[in-house]
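All ligand and atom numbering here is 1-based and tracks the order in the structure. Only heavy atoms go into these numbers, but all of them, side chains included; no hydrogens, no water, no symmetry mates. Because the structure is predicted, anything quoted here is derived from the model rather than measured.
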Amino acid sequence: MRLFLAMFSHETNTFSNVPTDRAQFEARDLRYGGEIVETYRGTGTCLGGMIAAAERLGAALVPSVAAAASPAGRVTRDIYEHVKQRMLADLERAGRLDGVLLDLHGAMVPDGVDDGEGDIIAAVRRAVGPEVPIAVTLDFHSNLGEQMIGGADLLHGYKTYPHVDMAERGTEATERLAQVIGRRIRPTAAWRKPPLLPPLGNQGTARGPMRRLYDLAGEMEKDPKVLSVSVFAGFPLADIPDAGLGIYVVTDDDQPLAERLAGRLARVAWEHRGEFIHSALPVKEAVARALAADGRPIVLADMADNTGGGAAGDGTEILRELLRVGARSAVVACLWDRAAVQQCVKAGVGGRIALEIGGKVDDRHGAPLSVTGTVRTLSDGRFIHRGPMMNGLPGRLGPTAVLDVDDVKVILITYRWQTLDPEMIRFVGLDPLKEKILVVKSTIHYRAAFEPIAKEIIEVDAPGLSSSNLARFDFRRIRRPIFPLDPDLVYEPE
Ligand SMILES: [Zn+2]
């Protein structure tokens, strides 16, 4: 059994003014051929799961390209075409294939294309013809679209947020693909897109409306006729017609059953739509509460400045308040400011400097902050993920500096990456357990590794492009009416 393998992953926040160009992919991941297998084998990622399952099944992998970049603005045409054409050229060269495995995101918006994954899947389908089955893993935040569904035999969405089941989904997609190749199953899908645009803040699967939907999906999957159920919460900050919640049910050759279950999930999602509305504490209240709280560490979640949702990662409002009230024993993890890192490098460890940090990308993450501090540590930004997400995968933050401003330690990074692992604090020589306050720039993912160590978590409503307050965004192209932007919308699920 010969299986083609490729990864192309980006979550595009169309409100961001940071173009996702080739350099952004090179900073995160852009690799080819056998190196993909060497890098991802044994990691908690979709590729890790696909590689493990393929090896267990005795399948030969034909690895092509793996490309991923931190979420930001639209993917530029040149890098998009480069990755797509590389995939198509490798497919052409691959000779006889039994199946195709794609690790995609589902919310990539390249310049001039609304549905990047739909476009990729359609192109792969044209290349391999109608007979070769295609199985795809998609992020929980996929904005499910018709082109993806029509082109692939199987879509497998992550069932968790924080995404701790990526390897499991990669394994599942590979095993199901092998069953299709062996003609043991006939995937038959139904899908629904109720008019729902859930903000990120209450999409977590530990509790709330997505837990309810996945509990129901879990019950449905107990039926041996049901191959898989994916409920995509969607990525609301891609201003495209497909943005929002999507439901996808695959049965073994039973269309009426797939339709019935998809309809039921859509109805339940709609009935509980109010639970998706999220509220967090204003910055001043949140900082005051953290200072007054017992024990340590207290996590202040800077949910709206999550680079993992395409925000700048250089928001200053919580830091400004910490300094204003004279907070001590605090860490801000991590602030994206390449210029500030360079100034710290120039000053050297122990150097004392005055500089402006953050607030430089746009006017939606607070203004730049003038501070004077001491450079505490400098590093090359290389670390290994040690938490439940992407466990074992190397991470790169680029040149990294810790600037100590009166015992508020700001971790300044060169490459954007969401603070989803306490290792991103530890590797620069800070101990997250000994600090009073940890400001973590992440919406939900931080919970997987920070909940077990945090004395308390406080969700903060600071400004930023991953805000759960969707009224702050000037949507122009999403489907309307849609909840919660049009709260009185009348919708009758079948
Ligand atoms: Zn996601």
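The Zn ion (ligand 1) has no N, O or S atom of His445 closer than 2.8 Å. For Asp139, the nearest N, O or S atom to the Zn ion (ligand 1) falls under 2.8 Å. Residue His163 counts as close to the Zn ion (ligand 1), with an N, O or S atom under 2.8 Å.
For His141, the N/O/S atom at the shortest distance from the Zn ion (ligand 1) is named ND1.
Listed by first and then second residue, the ring pair (Phe, Tyr, Trp, His ring centres under 6.0 Å) pairs involving residues 452-476 are Phe15-Phe473, Phe15-Phe475 (not counting sequence neighbours).
Ion pairing of Glu451 with Arg207 is present here, as a side-chain N (NZ or NE/NH1/NH2) and a carboxylate O approach within less than 4.0 Å. Under a 4.0 Å N-O distance rule, the pair Asp305/Lys441 qualifies as a salt bridge.
Arg41 meets the salt bridge (charged side-chain N to carboxylate O under 4.0 Å, His left out) test with Glu38, Glu55; sequence neighbours excluded.
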